[in-house]
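Structure record follows, encoded as structure tokens.
Values below: all heavy atoms of this structure, side chains included; hydrogens, waters and symmetry mates excluded.
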Amino acid sequence: MKNLEKAKKRIFEIIQIGNQADVPSLVFDIFIVFVILLNIVITFCQTFARLARYEPLLQTVELVTIVIFTAEYILRLWTARYLYPEMGQGRAKLRFAISFYGIVDLLTILPYFLPFVFPSGAVAFRMFRVVRILRLFRINAKYDAFHVITTVLKEKRSQLMYSIFLVLVLVLASSLCMYGLEHEAQPEHFSNAFSGIWWSVSTLLTVGYGDIYPVTVGGQAMAIIIAFLGVGMVAIPTGIISAGFVEYYTSIKEGTVTSRDADFVTLEIPVGHPFIGLPLEHITLPQGLYVATVLRDIDVLIPQGDLKVQAGDVLVLGSMCHMHIEASLEEVAAEKEHPWVGMRIRDLDISRRSHVIMLKRGNKNIQPRGDSRIRENDVVLIYHR
């Protein structure tokens with residue numbers, strides 16, 4: 001039973017955490033990305049009539065990719081308890097099943113099997129196979145460079161919604177204006193107020209398609225004004241998103257600079273650390289401490305509450321000097337003949353709620369790793385939760 005739990009946790013680390021320092025996890029990520037792209041390519045190839053003779057081969061490859069996706073989904077359900085350690089086995093599985101990526105995984109494989117259960121609706125179910133394109137979000141989940149886009153959109157969502165509202169108002173207003181100016185001259189094109197919406201959208205967001213255009217002087221003058229306004233309407237959300245990217249990378253740069261009013265210490269997360277898989281908002285830190293930033297490989301991540309901790313991460317913990325910090329820190333001097341001398345950090349017999357956060361060696365402060373060995377006269381700084 002113990003070996004099964006150990007294997008289960010190892011599978012979780014490989015398929016969920018995505019640690020680039022872990023070779024099996026890195027290989028799995030690359031393999032899944034390849035299978036996702038292969039499945040999408042197969043979907044497109046099946047729409048070409050000239051490739052009909054290769055249909056048996058395409059269906060075979062598609063079946064293989066679906067089997068892989070199904071196995072991955074089952075494994076993710078099986079190991080969900082490690083993704084949500086604060087929940088029980090059943091609740092963790094349910095939480096994953098109704099999460100965004102859980103639904104994406106299910107919608108990827110479900111349309112393939114539904115025709116076998118309901119043969120009469122086979123044609124309709126084929127239409128739902130388009131949802132497999134959502135599988136591309138799995139690539140987004142594995143690479144933090146793509147995560148920047150969603151982060152900026154979330155931060156600027158209120159401004160973007162307001163700009164979209166302005167575009168909708170302008171579309172409706174321009175449609176009403178063009179109806180009033182062009183209805184008598186072109187009743188077949190501008191038969192009612194809503195008939196001008198197509199013209200409004202194509203003019204505001206592009207330069208028009210030429211299928212509907214004003215013929216009266218007033219309509220043409222209004223079209224010129226709307227075309228200029230359309231340039232501004234497109235520029236507003238573009239400027240908001242651009243400003244969001246600038247703010248994002250500026251905050252990252254500022255987050256790496258030590259402030260005069262704050263002290264910082266780093267906490268490395270080795271494999272097996274209890275923080276792994278927890279969102280930052282669920283991590284319990286001593287009063288006054290906060291996660292200033294997260295170092296992941298070569299990336300510096302903004303510590304948002306839903307960001308999950310991964311093995312190999314380095315948490316930069318900050319504390320304001322004027323705060324009263326109730327932290328339980330212990331210094332252990334590894335003098336000559338101390339039992340810890342020569343031992344690796346991961347092999348120390350300490351509580352699972354205690355973590356070695358620093359080694360003081362002479363005049364140096366060393367960030368410990370799991371395989372770091374304690375030397376004679378080292379001072380081990382331990383944080384107790």
Side-chain angles (χ1 to χ4, degrees), residues 2-30 32 72 75-89 91-96 99-102 105 138 140-144 147 265-286 289-317 344-358 367-372 382-385:
K2 187 175 181 180
N3 292 334
L4 178 61
E5 282 298 317
K6 187 176 181 180
K8 186 176 181 179
K9 187 173 183 180
R10 180 56 181 153
I11 291 174
F12 165 77
E13 293 171 352
I14 293 175
I15 68 175
Q16 289 281 15
I17 295 178
N19 182 12
Q20 295 185 10
D22 187 354
V23 175
S25 179
L26 180 61
V27 171
F28 176 81
D29 288 349
I30 296 174
I32 286 297
E72 183 196 9
L75 288 176
R76 290 185 184 277
L77 275 178
W78 187 49
T79 60
R81 184 170 63 86
Y82 295 101
L83 184 61
Y84 306 103
E86 71 280 4
M87 299 182 179
Q89 183 86 3
R91 288 187 60 195
K93 291 180 180 179
L94 179 61
R95 175 70 180 274
F96 172 76
S99 67
F100 174 76
Y101 290 113
D105 288 348
R138 269 294 174 193
N140 176 71
K142 293 178 182 296
Y143 295 96
D144 295 313
H147 184 66
V265 65
T266 56
L267 173 62
E268 185 176 354
I269 308 298
V271 175
H273 195 284
F275 284 0
I276 292 177
L278 289 178
L280 291 180
E281 60 189 359
H282 292 162
I283 290 178
T284 303
L285 294 175
L289 286 181
Y290 64 95
V291 180
T293 189
V294 178
L295 308 179
R296 180 172 296 166
D297 297 323
I298 62 173
D299 298 322
V300 181
L301 308 180
I302 293 179
Q304 297 186 4
D306 58 351
L307 179 65
K308 287 186 172 60
V309 178
Q310 299 182 4
D313 284 354
V314 176
L315 307 185
V316 180
L317 305 180
R344 293 181 299 182
I345 297 296
R346 68 164 65 99
D347 297 331
L348 295 181
D349 185 16
I350 58 177
S351 170
R352 291 182 60 85
R353 298 178 64 84
S354 302
H355 312 287
V356 176
I357 61 175
M358 187 178 295
Q367 175 62 47
R369 298 179 179 274
D371 57 354
S372 299
I382 303 176
Y383 160 56
H384 299 286
R385 289 198 295 137

Donor-acceptor pair, Ser25 side chain versus Ile14 backbone, under 3.5 Å? yes
Provide the closest heavy-atom pair for Lys93 versus Trp78 in the form atom of the first, atom of the second, distance. CE-CA, 4.5 Å
To the closest 0.5 Å, what do you measure between CG (Leu278) and CD1 (Ile283)? 6.0 Å
Neighbour count above 12 (heavy atom, 6.0 Å) for Arg91 CZ: no
Residues two or more places apart in sequence or in another chain: which of them pass salt bridge (Lys or Arg N to Asp or Glu O under 4.0 Å) with Arg10? Glu13, Asp22
Please report the interatomic distance NZ(Lys308) to CD1(Ile276), rounded to the nearest 0.5 Å. 13.5 Å
Where the side chain of Arg76 meets the backbone of Gly102, is there a donor-acceptor pair that is under 3.5 Å apart? no
Tell me, do Leu315 and Ile269 make a side-chain contact under 4.5 Å, heavy atoms counted? yes
Test item: Glu72 and Ile32 side chains (from C-beta on) under 4.5 Å apart, heavy atoms: yes
Roughly how far, to the nearest 0.5 Å, is the OG1 atom of Thr79 from the CZ atom of Phe96? 7.5 Å
Partner set under side-chain contact (heavy atoms from CB on, under 4.5 Å) for Val314, not counting sequence neighbours: Thr266, Glu268, Leu295
Does the side chain of Phe275 reach to within under 4.5 Å of the side chain of Leu267, using non-hydrogen atoms? yes
Are Val294 and Val316 side-chain neighbours, meaning at least one heavy-atom pair lies under 4.5 Å? no
Treating Asp313 as the side-chain partner and Gln310 as the backbone partner, does any N or O pair qualify as donor plus acceptor under 3.5 Å? yes
With a 4.5 Å cut-off on side-chain heavy atoms, are Leu75 and Lys8 touching? no
Those residues that, when tested against Leu348, pass side-chain contact (heavy atoms from CB on, under 4.5 Å) (two or more places apart): Trp340, Met343, Ile345, Ile350, Val356, Ile374
